[in-house]
Structures are given as C-alpha cells and as structure tokens.
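Heads up: the structure comes next, in structure tokens.
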Amino acid sequence: MDFRFNQGEEGFREEVRTWLGEHLRGEYAALGGGGGPADERGWDVRLAWEKELGQAGWIGLGWPKEYGGRGASIVEQGIFNEEYARANAPARTSFFGEGLLGPTLIAFGSEEQKQRFLPGILRAEELWCQGFSEPDAGSDLANVKTRATLDGDEWVVTGQKVWTTLAHHAHWIFAVCRTDPDAPKHKGLSFLLLPMKQPGIEVKPLKQLTGSAEFNEVFFDEARTSADLVVGGVNNGWKVAMGTLGFERGTAFLSMQLRFDNECQSVIDYAQKHDLARDPLVRQKLADAWIGVQIMKYNGLRTLTKLLATGSPGPEASTSKLYWSAWHQRLGELEMELMGPWSEVLAGAPYEPDDFQTTFLASRAETIYTGSSEIQRNIIGEQVLGLPREPRPTEGTPR
Amino acid sequence: MDFRFNQGEEGFREEVRTWLGEHLRGEYAALGGGGGPADERGWDVRLAWEKELGQAGWIGLGWPKEYGGRGASIVEQGIFNEEYARANAPARTSFFGEGLLGPTLIAFGSEEQKQRFLPGILRAEELWCQGFSEPDAGSDLANVKTRATLDGDEWVVTGQKVWTTLAHHAHWIFAVCRTDPDAPKHKGLSFLLLPMKQPGIEVKPLKQLTGSAEFNEVFFDEARTSADLVVGGVNNGWKVAMGTLGFERGTAFLSMQLRFDNECQSVIDYAQKHDLARDPLVRQKLADAWIGVQIMKYNGLRTLTKLLATGSPGPEASTSKLYWSAWHQRLGELEMELMGPWSEVLAGAPYEPDDFQTTFLASRAETIYTGSSEIQRNIIGEQVLGLPREPRPTEGTPR
Amino acid sequence: MNFAFSEEQEELRRTVRSFLEDKSPSAEVRRLMETEEGFDPAVWRQMAEQLGLQGLAIPEEYGGSGFTYVELVVVLEEMGRALLCAPYFSTIALAANTILHSGDDAARKELLPGIASGETIATLAFTEDNGRWDAEGITMTATKSGGAYTLDGHKMFVLDGHTAGVIVVAARTGDGISLFQVAGDASGLGRTALQTMDQTRKQARLEFSGVPAKLIGAEGKGWDTLGRVLDLAAVALAAEQVGGAQKCLDMAVDYAKVRVQFGRPIGSFQAIKHKCADMLLEVESAKSAAYYAGWAAAELNDELPVVASLAKAYCSDAYFHAAAENIQIHGGIGFTWEHDAHLYFKRAKSSELLLGDPTYHRELLAQRIGI
Amino acid sequence: MNFAFSEEQEELRRTVRSFLEDKSPSAEVRRLMETEEGFDPAVWRQMAEQLGLQGLAIPEEYGGSGFTYVELVVVLEEMGRALLCAPYFSTIALAANTILHSGDDAARKELLPGIASGETIATLAFTEDNGRWDAEGITMTATKSGGAYTLDGHKMFVLDGHTAGVIVVAARTGDGISLFQVAGDASGLGRTALQTMDQTRKQARLEFSGVPAKLIGAEGKGWDTLGRVLDLAAVALAAEQVGGAQKCLDMAVDYAKVRVQFGRPIGSFQAIKHKCADMLLEVESAKSAAYYAGWAAAELNDELPVVASLAKAYCSDAYFHAAAENIQIHGGIGFTWEHDAHLYFKRAKSSELLLGDPTYHRELLAQRIGI
C-alpha cells in the first residue's frame with residue numbers, strides 16, 4: 001500500500017504538464033474547462049485543440065501501439081486525465097471515438113474497419129456519436145426497435161435513437177439495430193456504423209431542464225450504410241454493445257473526481273465568502289460533501305490498483321456511478337441551500353443558469369442516464385453480490 | 001373542519017376522567033403506564049385492574065350492546081384511549097381478546113361461540129393470544145404449516161407459532177392452521193380456538209435484543225380442541241384471519257400517538273436538562289421529532305374523521321404503521337445521540353436498559369412485526385395507489 | 001371533532017380545479033412563464049368575476065365574500081396543482097393579509113375592495129439583498145418630512161413586484177419597522193423583473209429613491225403585523241406545496257402504470273412501487289399538516305405560529321422530494337424541457353426557499369415550542 | 001501508486017481470521033460478554049505467543065515486531081468482524097500508542113515489552129462524566145508533592161479499566177494536561193465495571209483518591225501526545241468498524257439468498273436487493289477510507305488528522321447502517337437475542353459514539369481542512 005507514484009510515472013506526469021504548459025495558451029486556455037456537449041461557444045476552438053492533442057499523440061493514449069496508440073499504462077492514463085483536468089483544459093470532443101468506438105473496433109472489428117476508422121479518431125478528424133438508447137429502450141437495451149435490413153450491398157435503417165450526445169457534430173454514429181426481428185430479443189441485434197451526413201438521418205436537439213440541449217434525438221428514415229460496416233458480425237450486436245459499455249468505465253473517473261473536487265472547493269469558498277461557514281449546520285454539510293469527494297478518490301485509486309493487478313475492476317467500481325451521481329445531486333441541493341433566495345436568480349435571459357444552478361438541475365439527469373440508480377442497484381445486487389434475479393417476462397439484460 | 005369535540009363527547013371525556021380519577025389509585029396508580037408484555041412486575045395487579053375495567057364496562061367499549069359492549073362511537077373510543085394514556089394507567093392485558101378475537105367472533109363466529117367466549121373477555125377472566133406467525137410464514141401468512149386434523153369430535157394440532165405475545169399468560173389462543181394440505185395455499189386454512197393449558201402445548205419465551213422476552217414461541221404437539229371451535233367454517237380461515245388483521249388497526253392510534261408525544265417531550269426535557277438544546281444541530285433534530293409526532297396526530301384525526309364518515313379509513317391510515325415505526329426508530333437514535341457515552345451504561349444487571357435504551361433497541365422490531373415496512377410499501381403501492389403486482393410464483397397475499 | 005372539508009368546500013375545490021384545467025393547462029403555463037409579466041390579465045379577471053377567488057377570504061365589509069382561511073387553503077392547493085401563473089399568492093397571501101391585519105381600517109377600505117374585485121394586483125416588499133425573512137433583514141429606511149414619508153433603498157426577490165399596482169413595503173423609521181403603501185408607478189421607483197429558475201412565479205428587484213409612501217397602521221408597529229402575515233403566508237404556501245406534491249405523485253403513479261421496461265410496467269418493480277408508497281405517505285402527511293394549519297389560520301388561534309412553521313417545514317420537504325422522485329421515476333423523459341416534471345421540480349425548490357427554508361422554520365418552531 | 005495489501009498482509013489477514021474463527025466463534029463471544037472481565041486470558045496469551053498480535057506494530061527495540069499501522073488495520077478489521085472480546089483496542093490502539101508517542105523513552109522501555117509479550121493489559125483513562133473527547137473534557141487533577149504525583153478524581157467510560165494492569169491517565173497539573181502511569185492495583189484506586197449495552201467491549205468507572213502516579217513524558221505536554229493518539233485510535237476503530245460492517249453485509253446477503261417468502265428468495269425482491277447494494281457501496285467506501293487512513297497512520301504524514309476524522313465519521317455511519325439493515329433484512333429472527341445480528345448492532349452503536357460521534361468528527365474535519 002503506497003500512494004506515491006514511481007519515478008517513471010512522475011516523469012510521465014512532468015511530460016504531460018510540460019506539453020500542456022506549452023500548448024494550452026491563447027484561445028485554448030481562454031476556453032477553460034467548460035464546454036459541455038451543448039455548449040456551442042468555442043466549438044471550433046475545441047475542435048482545433050483536439051487536433052493538436054491528436055498531433056501530439058495524446059489521443060488513443062491507452063490504445064495498443066500497433067493501432068497508432070501510445071500503449072500507455074492505466075496509471076499513465078489516470079495521470080494524463082488528472083493533469084488535463086487540473087490544467088482546466090477544454091472539454092474533449094472525441095470521447096465517443098477514442099473511449100468507446102476505438103476500443104470496440106480493436107476488440108471486435110475487422111482489419112478493414114480498423115484501418116478505415118482508427119486513424120480518423122486519432123487525428124480528431126472524424127467525430128463519433130453513440131446510438132444505443134431508444135424511447136422504448138431506456139434501461140432495456142434488448143428492447144431496441146430500430147430496424148436494419150440488407151438491401152443489396154447496403155443496410156437500410158429506420159427508427160429512432162435518443163439521448164445522443166454530440167449527434168449534431170458527429171460524422172459517424174455507431175448504432176445498435178435490430179437485424180433479425182424473429183430471433184429472441186437480444187439475439188437479433190447488430191452493431192452498425194453509419195455516416196451521419198445523409199438525407200435519411202435527421203438530428204433534433206432535446207432540450208433539457210437546464211434550458212440547453214446536451215442531448216439529441218436521431219431519426220433514421222431509410223438511412224443507408226455499406227453492408228460491410230457491421231462490427232463483430234451480423235446478429236452479434238448484443239455482445240459487441242456489452243463490450244462497448246464495459247469500455248465506458250475506463251479511467252476517466254480520476255479526472256471526474258478532480259472536477260468534483262474543484263466543485264466541492266468552490267462550494268466551500270462560496271460559504272466562506274458569504275459568511276455561512278460559521279453555521280454549525282452548514283459546516284456539517286460541507287464536511288460531508290468533502291468526505292464524499294475524498295472517498296470517491298480513494299475508491300478510484302482502489303479500482304485503478306485492481307485494474308492494474310487483475311485487469312478487471314473490483315466491486316467498488318460497480319458502485320461508482322451510483323455513488324457519484326447521488327453525491328453530485330446532494331451537492332447541487334447544498335449549493336441551492338447556501339445561495340438561498342439568490343439561487344432563483346439566473347445569470348441571464350432567456351434561461352442561463354450559473355454553475356451552481358446547472359449542477360442542481362443537470363444532476364437530476366445523472367441518476368438516470370447510462371443506467372439509472374435503480375438499474376445500478378440491480379447490477380450490484382445480482383452481479384456483485386450474487387443475489388437471485390427476479391422472475392422476468394423478457395430475457396433482456398439491464399444496461 | 002373543526003377540531004373541537006361536541007358537548008356529548010366532552011361529557012364522555014369527563015366521565016372517563018372521573019372514573020379514572022376515582023379508581024386509578026393505590027397500587028394501580030403506582031404501576032404507571034409501563035408494563036410491556038414481558039414485564040412480569042405487577043402482573044397480578046394489572047389483572048385485577050383489568051377486571052375493574054371490565055366491571056365498569058370499559059372493556060368492549062366499541063362492541064355492539066347486544067354482545068355486552070357499550071356501542072361507543074369511534075370518537076368516544078378515541079377519547080377513552082386518549083384519557084387512559086394521559087392518566088398513565090396500566091398497560092392492558094386483554095388486548096387480543098377485546099381488540100382482535102371479540103370483533104372476529106362478532107363478525108364470523110357462531111352464536112354458541114359468541115355466548116361462550118365474549119363474556120369472558122368482557123370480564124377479563126379469559127385472556128387470549130394470537131397464533132398467526134410461523135418461522136416460515138413471517139410475512140407470508142398463506143405459508144402456514146401448522147397442521148390440524150379432525151379426530152372424532154376434536155381437532156388435533158401439531159406445529160409451531162412464533163412472535164406470540166402474552167402466550168404464557170393466555171388461557172386461549174386463536175390460531176390459523178392448515179386443515180386441507182391439498183388445497184391451494186390460502187384455501188386450506190382454518191381459524192381455530194384452542195385452550196392453552198393442555199399437555200400438547202408448550203410455550204417458550206423468545207428473548208429479544210432488549211434482553212427481555214416480549215414474545216413467545218408456541219409449540220403444538222398433538223394439542224387438542226373441540227371440533228366446533230372453528231370460526232367461520234372449515235377451510236375458510238384465510239378470510240377470517242384477514243378480518244382479524246383489519247381489526248388490528250382500530251382506534252388505538254390516538255393513545256399510541258399520545259404515548260409517543262410523551263416520549264418526544266421527555267427527549268426534549270432530557271436535552272434541556274443536559275444543556276444540549278442550545279446546539280443548533282440538536283435543535284433541528286428535536287424540532288423534526290416534534291413535527292413528526294404532531295403529524296402523527298393530524299393523520300390520526302383525519303383517519304378518525306374518515307372512519308366516522310365512511311366506515312373505512314382513508315389512504316393515510318395505511319401509511320400509519322410505516323410512518324410511526326420509522327419515526328420511533330429515528331427517535332431512539334436521537335436518544336442515543338443525546339445520551340452520548342452514557343447511552344452505553346445500563347440501569348442494572350444482567351441486562352436492564354432504561355426507557356431511552358429500550359426504545360432504541362425495541363424500535364428495530366417495530367419496522368418488522370405485523371407486516372414489515374417493505375410489506376407495508378407493497379400494500380400501499382398496490383392497494384392504495386393501484387400499481388401492478390409483481391409476477392408471483394405463489395398466490396399468497398402479503399400481510 | 002371533524003377533520004374534513006365540508007361539501008361546500010369540496011364543491012369549491014371542484015369548481016377551481018375545473019376552471020384551472022381549462023385556463024391553466026400546461027401549454028398556457030409554458031406560454032405565460034416565458035413572458036415578463038407572467039400572468040394572463042383576462043384569466044385574472046375571470047378568477048375575480050366568475051369565481052370570486054381574490055375576494056374569497058376578504059371580509060364582506062371590504063368587498064369580499066368573507067370565507068375563511070380553510071377555503072383559501074383549498075384554492076391555493078388547486079393553484080399549486082395547476083402551477084397557475086398569476087400574482088395570487090403575492091396579492092392575497094402577502095398583500096391582502098398585511099392590509100387586513102395592519103389594524104388600519106382606512107387602508108383596508110381603500111385597498112381591499114380593489115383587490116377583491118380583481119382590479120388591484122398587490123404585493124409585499126419585504127426581503128432585501130440579504131434574503132432574510134426576519135425583522136433584522138429589513139434595513140430599508142423611510143424618512144418623514146412634514147406629514148409625508150419617502151422611501152430610499154432597495155427591495156429584492158419581490159414576488160410580482162414589477163407588475164403589482166400596489167406595493168406594501170416594510171421599512172424602518174426611527175420608531176422601528178413600519179408598513180408603507182406605494183403605487184406601482186410611483187415616481188422614483190425602479191422595477192426590474194428578475195430571470196428566475198422557477199419561471200412560474202415572477203420576482204423583481206425594486207429600487208427606491210425618494211419614493212413617496214403612505215403609512216399603513218401605526219409607525220414602528222409593522223412587525224406585529226408582519227409576524228402574523230408571515231405565519232399566514234406560510235400556511236398559504238404549504239397549501240400550494242401540497243397541491244404540487246399531489247400532482248407529482250399522480251404523474252409518477254400514472255407513468256409507472258403504463259411505462260413498460262423489461263416486459264413489465266415499471267410500477268410493478270419494488271424500487272418504483274416503494275418510492276411511490278413513500279411519496280404517498282409524505283403527501284398525505286403534508287396534507288394533514290397544511291389542512292390543520294389552515295384551520296388554525298382560520299381560527300387565528302394560539303397554535304398558529306407553531307403549526308405554520310411546522311407545515312412550511314414539512315410541506316417544503318415533501319414537495320421537493322415528490323418532485324425529485326417524479327423526475328427519477330420518469331427516467332430520460334423526466335428531465336426534458338418538454339415534460340412538465342421540471343416545472344414542478346423548480347417550483348418545489350423556489351417554494352422551499354420562499355419565506356425561509358425548512359431549516360429556518362424548524363429553528364423557529366423550536367423557539368416557539370420553548371426549546 | 002498501489003492501493004492494495006501486499007501478499008504478506010493478506011497472509012496475515014488469513015491467519016488472524018482463521019485464528020479468530022477458532023477462538024472467537026459466536027458461542028465464545030456470548031460466553032465472554034456475560035463475564036465481568038470480558039475476555040479469555042488464555043486466548044489473549046495465544047494472540048501474543050502464537051501470532052504476535054500485541055507486538056505487531058511495536059518497534060523491535062521495545063520487544064515488538066515493528067510492522068506498520070497498515071498491518072494493524074488488517075488485524076483490527078478481523079477483530080471487528082469476529083467481535084473479538086479482548087482488551088486489544090484499549091491496550092494497543094490507546095495505551096501502547098500513547099506510550100509510543102509520549103516521547104518518554106524510559107516509559108517505552110518499561111511498558112512496551114510487557115504489552116508486546118501479552119503480559120500487560122493496559123488502557124487509557126481519558127474521558128470523565130462529561131463524556132468529552134477534547135482537551136477541555138479533562139478536568140481530573142494531579143498533585144505534585146516532592147518529586148511524586150498523586151491523582152484525585154474520577155475517570156468514566158474507561159475501556160477495560162477494571163482489568164487493565166497499567167492505566168495511562170490524562171490529568172491536569174499547573175502546567176496543563178499531563179500523562180501518568182498508574183498500576184491497576186494501586187492503592188486508592190477504586191474500579192467498577194459498568195453494565196454496558198454493547199457487552200462485547202467492557203467499560204469501567206475509576207475513582208482516584210490520592211493514587212500514586214508516575215509522569216509519562218513532559219509535564220503539561222500531554223495533549224501533544226493525546227492529539228496524535230486520538231487520530232491513531234480513530235483509524236484503528238474505523239478498521240474495526242469496517243470488519244463489522246462487512247460481516248453484517250455478508251450475513252444479510254447470505255440470508256437473503258436462502259430465506260424464501262412468497263415463493264421466492266427474499267434477495268430477489270428489489271426492496272432487499274437494493275438495500276444490499278447500498279450496503280455494499282457503503283462498506284466498500286468505508287474500506288477505502290479506513291485503508292487510506294491506515295496508510296496515513298503508517299506514514300504519520302500531514303494527512304493523518306484529516307483522514308482520521310474522515311474515516312471515523314464515515315465508517316461509523318456505514319457500520320451502523322449495515323448493522324441496522326442486517327436486522328431489518330433478517331426480519332423476526334433478526335431481533336432475537338439468539339441471533340448475532342443484535343451483537344453487531346450494539347457494537348456498531350458503541351463504536352459510533354466512542355472517540356466522538358460522526359457529527360463531532362465532521363466538525364473536527366471542517367476545522368482541520370480550514371473551513
């Protein structure tokens with residue numbers, strides 16, 4: 001047990017810091033760490049920055065060298081994310097390509113698919129979005145209804161996806177589609193790659209309670225893609241998609257923890273600045289929030305260690321989403337409590353919440369998306385603790 | 001909407017008060033309101049007191065006059081309970097006879113059964129206990145395994161009951177037994193009356209985490225009772241037992257609320273006496289506890305009004321058990337917090353918790369017995385809100 | 001002993017509910033919340049003329065119909081349920097109550113008939129930048145010169161302050177806190193509508209510079225009135241909260257019955273079912289608290305200060321919890337702008353903080369019961 | 001960067017667990033908790049002689065084996081899991097730590113070897129009737145006369161105070177708080193065992209009247225030592241709590257898999273399954289906190305005060321919650337005396353209050369991180 005990093009790791013950290021110090025300047029630095037998916041301000045600058053990252057080899061950090069990655073260790077990836085967050089560098093635009101599709105192709109894709117798509121991700125020239133959720137398949141991926149049928153050498157796709165982040169900017173979408181309607185629910189799915197810029201695809205922003213549109217709806221009306229752009233084989237999409245969801249965990253938690261740490265500190269600062277931190281009740285809540293974010297860090301480090309040692313995260317990793325989403329919701333409520341009546345006043349019209357207000361509002365979605373807290377508890381109960389499943393009318397596995 | 005009582009009701013209250021003032025003296029008064037089912041101190045005095053109550057016509061207050069009751073209104077029953085609790089009169093010994101078996105016999109019993117058993121209850125000469133729960137049928141009454149078979153003009157009963165309050169003092173037990181093992185689960189049950197003092201019945205106290213034995217186990221080994229002592233017909237026990245459980249609610253909630261109110265006040269007194277009530281955190285918790293017990297009262301008064309107007313309690317009644325058991329548990333935890341390290345020190349050996357410690361410990365059972373909080377939430381969800389039931393392998397209805 | 005609404009009160013509820021279903025459906029709420037005024041003057045007129053809602057609890061001698069606070073609780077509950085966008089709370093629960101309890105009969109005669117008839121929109125300007133709801137929070141000053149008063153300073157978070165025709169202002173003179181009447185279009189008065197997170201209840205910032213004002217009640221005795229008004233307003237707000245909370249529960253239960261996941265309605269899963277059961281418990285308890293407080297307000301009895309804080313604290317928590325759970329139970333659709341869940345969620349939060357948050361009211365209650 | 005126990009540490013855990021399964025099964029816990037001494041001297045000896053547990057983290061120069069606090073965390077976690085009835089926490093986490101960090105090498109040489117060998121049972125007499133764990137709570141006085149000190153007054157809630165051979169006492173002299181060494185059988189010392197709700201950890205009341213005492217460390221510098229010892233003891237207690245919490249989770253999950261109600265194992269119902277999932281989240285988080293704190297204690301680094309309070313606050317809540325849920329999941333059988341669930345429940349509560357409750361430690365943490 002030792003929480004110090006070794007010399008090689010410290011060297012890597014220095015390399016990251018130096019590069020960021022040299023390159024994160026001017027309009028890049030001015031952008032700050034903000035820029036959610038719905039934030040259109042500075043989008044072109046973020047794209048340019050992402051290409052700089054790609055040129056310097058920071059995209060695909062953990063990918064194998066043979067596919068153009070750097071083969072960095074998990075600790076190094078963690079260090080990179082940590083330093084990136086600490087430097088308040090711009091929000092990444094290539095998350096879905098680098099974090100989800102890339103690893104999926106490396107694991108399940110054909111050699112042609114790898115050659116065709118990995119370089120575009122590494123150079124930040126092709127952006128991806130993810131087409132899994134549907135209106136009737138929120139937590140129940142096996143219930144996907146979007147249909148794909150083969151028409152000569154092309155798939156023809158009709159249906160609808162929701163909660164698709166970045167769809168309006170993406171060049172490509174990876175989507176789970178039903179290719180065999182007669183097979184049992186999760187046996188008739190395929191994992192397809194479709195170009196976004198075509199007449200058969202329409203993207204509509206989905207406005208959230210924050211007033212902005214972090215997500216989109218994507219409508220497919222006889223959208224087309226080449227017959228060979230199915231990953232992992234026809235009707236094998238369930239397995240491929242489960243693999244993708246596995247990659248979703250990754251090592252991003254350390255930078256996420258750092259972001260939460262910063263936010264917690266800004267709450268403490270706010271309380272002190274407004275002379276609220278002397279109130280014993282407020283002190284309890286601040287201490288509780290701070291404890292929560294520290295434990296998030298400790299949990300993350302334990303997961304990292306398990307990943308290093310065994311290649312798979314320990315039980316505490318499966319609780320991560322459940323934990324941070326609840327913590328962040330409580331923090332949002334504390335922020336409102338501290339602001340008191342000022343919490344009602346927006347920064348501007350028509351509907352412009354500030355950082356605290358945004359956390360309060362947006363955090364309601366966090367216990368829902370990518371597997372609601374209820375689904376997380378099912379997964380933990382069944383897959384970690386081995387408790388018996390419920391009698392289920394369908395065979396779908398919860399996401 | 002009016003929370004004053006009318007003249008007749010105030011007159012009745014005066015009558016109760018006067019009677020209690022005249023009779024609750026000497027060793028009766030010395031007993032105080034204590035005396036849980038496991039408290040053997042003063043048992044004979046409590047029995048004598050109960051007979052005084054019976055002589056004065058206070059037992060069976062709400063029973064119809066034709067069966068020897070007073071036909072008192074629900075408001076009058078509420079007033080009696082309230083004044084009884086306020087006077088700190090001894091804990092009642094005839095609860096199961098007066099509150100559960102009596103109404104069950106009046107609703108389902110034969111004329112002979114009524115003639116035979118109701119007078120003994122009204123005179124406090126025959127005490128009853130309830131044999132529903134079994135080790136394998138905690139929340140699932142349909143799973144009762146205690147067998148009763150007819151042998152000539154007698155039932156022969158073999159099996160086991162648990163959580164049987166007062167079994168060691170009771171003269172009779174009313175028990176749900178399986179009389180047709182081949183019928184569907186809840187169709188093969190009968191509601192039998194058995195004399196307790198017989199060789200085939202053994203009572204073992206069940207020691208609780210408080211160190212005392214509020215409950216018993218009752219073992220039947222070829223216990224016998226007369227063939228005609230089945231209530232509501234052979235194999236009709238499920239319906240009768242559900243009726244009994246319905247009577248369990250009754251109007252006791254007002255006196256219960258008063259008891260909780262007293263306890264809440266004693267917590268506030270403790271905090272003030274020990275100079276803890278100036279702590280803002282403690283003040284919040286005391287106020288919260290106080291709000292909780294007041295709302296219990298308001299909820300109770302709404303239920304009473306609904307009962308008066310419609311003959312059945314409103315939706316807030318079904319939440320009563322869920323509410324008070326959780327409230328009381330929180331109060332117990334607050335009591336420990338206020339006592340700090342003193343909460344560890346028992347009043348005496350071998351294991352003698354004081355009132356606060358007893359609440360803290362015994363309240364853990366309150367969210368479990370007579371339908372756990374989980375079962376209560378099912379009932380509320382399904383029967384009040386009309387939410388769909390789960391697919392169930394068995395047909396049992398939750399208690 | 002009778003803890004139920006009378007048949008007439010239930011009839012009033014049905015009438016108001018039906019009116020609001022007609023006049024304040026979701027589309028109308030959404031249209032009005034995007035406007036700066038935040039209400040529809042035509043509907044406001046109909047409320048007064050067709051239903052007599054503004055004058056409901058105003059005594060007949062001042063142009064009202066003299067019903068009690070219990071009837072007001074019924075109306076406010078329905079308004080909270082419908083998320084009605086209108087200056088009813090500010091005009092009735094704040095301004096009319098202040099005028100009524102000011103002891104100033106001239107002011108009553110001058111102002112209440114206009115309120116009762118629906119002509120006058122009014123509000124109470126109490127809070128300032130410090131956001132406090134206690135006497136110490138009032139720092140604005142009034143200056144007497146000759147027989148006339150002028151006001152200088154600012155008020156913040158004033159409900160419907162930018163649209164009210166009459167503003168009752170709490171300010172300090174040498175004698176202490178006093179109440180003043182100011183016209184909405186008075187010279188020297190600057191009014192700025194605030195952009196608020198909850199768009200269904202409007203707030204404004206008011207800047208006073210030498211604004212002429214008329215004293216209401218006795219100088220320096222304003223807190224006697226305001227103390228009572230804050231209790232009455234807390235009861236009114238609790239009633240609104242109960243209506244909103246019940247609506248959230250209804251939405252959640254309805255959705256849980258029809259939304260199918262994993263081949264079953266989600267309401268058949270205990271995770272959802274038990275959430276709904278807990279919501280029911282809290283909503284029913286909130287009703288008990290708000291109704292009981294309504295009776296105490298109608299009686300103006302000694303219990304009022306305690307039960308007002310009790311109801312405000314409990315109903316605030318219950319509403320926020322119900323509104324948050326409603327979003328969670330709806331899943332993805334629940335946090336979209338197009339679904340109404342967020343409107344209730346935001347209203348629950350703004351109501352929770354209005355008149356002091358639950359922590360504040362629990363402390364107040366502790367003081368009031370002698371802890 | 002490595003947040004895992006080494007293979008040697010895991011081996012130590014297996015050894016201790018196996019030893020305790022053998023020596024501290026439920027029947028043995030129940031036998032010992034009914035005795036006044038509350039431990040088995042033979043087992044205590046075996047712990048020292050066979051496993052070297054008492055000397056584990058005592059430096060070799062004082063007769064120990066010089067392992068770190070991380071190893072101690074492993075041992076304490078297993079003891080918490082087994083509900084071991086023994087004066088280990090008082091002797092090691094309180095007394096040995098105090099002596100070790102007192103700066104008094106003579107005292108170390110005199111006392112630590114006896115502790116390491118298992119001969120000496122020791123404790124720290126800190127709290128008094130006021131129950132406080134801060135410096136202000138210490139009011140007992142020591143009087144110096146010639147070169148000798150005598151103690152007068154009382155100490156309360158002293159862990160194993162009635163069985164300890166050596167008692168380290170915190171008392172005040174003119175210079176401030178100082179530490180003293182007193183023999184368990186010293187003249188003038190009255191010791192009364194307390195009947196406690198949690199019977200698995202014994203407490204005593206100590207009455208001092210002119211008890212001869214020997215100064216440990218410098219006079220008036222006792223708090224420097226005690227501050228550190230309280231942090232170290234908090235880490236030790238957090239480790240115990242983690243062990244108990246994990247055991248409660250294990251019991252609950254095992255039972256939920258086999259107990260059938262309504263024709264299904266109760267663990268298949270979401271109400272139970274989700275409780276268990278939440279328990280896992282808290283137990284795993286508690287482990288992360290306690291282990292990290294163990295490392296900080298081993299390093300004696302600047303983080304120690306903060307993470308000690310963090311771990312004590314979090315692990316206290318997690319243990320109590322797990323112990324309470326364990327009873328609830330067990331249903332009727334869970335609140336019987338014969339089932340072990342209540343033993344953990346009571347231990348969870350006594351541990352929660354020992355060294356200051358979570359509220360106290362959150363406040364301490366707020367101060368320590370500069371809020």
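Chain letters run A, B, ... following the sequence lines, proteins first and then strands; every chain starts at 1. Here the structure is a predicted model, which means the values were calculated and not measured.
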Quiz item: Is any NZ, NE, NH1 or NH2 atom of the basic residue among B:Arg302 and C:Glu284 found under 4.0 Å from an Asp or Glu carboxylate oxygen of the other?
Solution: yes

Practice problem: Please determine if C:Glu7 and C:Arg14 form a salt bridge, counting it only when a charged side-chain N lies under 4.0 Å from a carboxylate O. | Solution: yes

Quiz item: Considering heavy atoms only, which positions within residues 364-371 of chain C lie below 4.5 Å of chain B?
Solution: C:Leu365, C:Ala366, C:Gln367, C:Ile369, C:Gly370, C:Ile371

With a 4.5 angstrom heavy-atom cut-off, is it the side chain or the backbone of [X] that approaches chain B, or both, or neither?
{"X": "C:Ala313", "value": "side chain"}
{"X": "C:Phe5", "value": "both"}
{"X": "C:Lys287", "value": "both"}
{"X": "C:Asp250", "value": "neither"}
{"X": "C:Thr359", "value": "both"}
{"X": "C:Val306", "value": "side chain"}

Exercise. For the pair C:Leu354 and C:Trp133, evaluate side-chain contact (heavy atoms from CB on, under 4.5 Å) and give the outcome as yes or no after the intermediate values.
Key: CA-CA 9 Å; C:Leu354 188 60; C:Trp133 285 97; 3.8 Å; yes

Self-check item: Under 3.5 Å side-chain donor-acceptor pair for B:Gln376 and B:Ser373
Solution: no

Quiz item: Any side-chain donor paired with an acceptor under 3.5 Å for B:Asn81 and B:Gln77?
Solution: no

Practice problem: Quick one: which of C:His361, C:Glu282, C:Gln270, C:Met279 has the most heavy-atom pairs under 4.5 Å with chain B, could you say? | Solution: C:Gln270

Self-check item: Near-ring test C:Tyr292/B:Phe3, centroid separation under 6.0 angstrom
Solution: yes

Quiz item: Who passes ring-ring contact (aromatic ring centres under 6.0 Å, His included) against C:His339, sequence neighbours left out?
Solution: C:His330

Quiz prompt | Interface residue of largest heavy-atom contact number with chain C, from B:Pro388, B:Ala309, B:Gly381, under 4.5 Å | solution = B:Pro388

Practice problem: Would you mind telling me which of B:Gln294, B:Arg4, B:Glu9, B:Lys297 has the largest number of heavy-atom pairs within less than 4.5 Å of chain C? | Solution: B:Arg4

Quiz item: Any chance CD of C:Glu136 has more than 12 other-residue heavy atoms, nucleotides or ligands included, within less than 6.0 Å?
Solution: yes

Self-check item: Over 12 non-hydrogen atoms of neighbours within 6.0 angstrom of CG in B:Asp355
Solution: no

Quiz item: Are there residues of residues 264-285 of chain B that reach to under 4.5 Å of chain C by heavy atoms, and which ones?
Solution: B:Ile268, B:Gln272, B:Ala277, B:Arg283, B:Gln284

Exercise. Would you please test C:Leu280 and B:Leu385 for side-chain contact (heavy atoms from CB on, under 4.5 Å) and show each step?
Key: CA-CA 8 Å; C:Leu280 177 84; B:Leu385 295 172; 3.9 Å; yes

List the atom pairs, donor and acceptor, that lie under 3.5 Å between side-chain atoms in residues 329-336 of chain B and the rest of the protein, sequence neighbours left out.
{"unit_1": "B:Gln329", "atom_1": "NE2", "unit_2": "B:Ser363", "atom_2": "O", "d": "3.0"}
{"unit_1": "B:Gln329", "atom_1": "NE2", "unit_2": "B:Thr367", "atom_2": "OG1", "d": "3.0"}
{"unit_1": "B:Glu333", "atom_1": "OE2", "unit_2": "B:Arg364", "atom_2": "NH1", "d": "2.9"}

Quiz item: Does the side chain of C:Ser351 reach to within under 4.5 Å of the side chain of C:Phe320, using non-hydrogen atoms?
Solution: no

Exercise. Over 60° means perpendicular and under 30° means parallel, so classify the ring planes of B:Phe12 and B:Trp58, tilted if in between.
Key: perpendicular

Quiz item: Does the side-chain contact (heavy atoms from CB on, under 4.5 Å) test come out yes or no for C:Tyr291 and B:Tyr298, once each step is laid out?
Solution: CA-CA 9 Å; C:Tyr291 298 166; B:Tyr298 307 153; over 6 Å; no

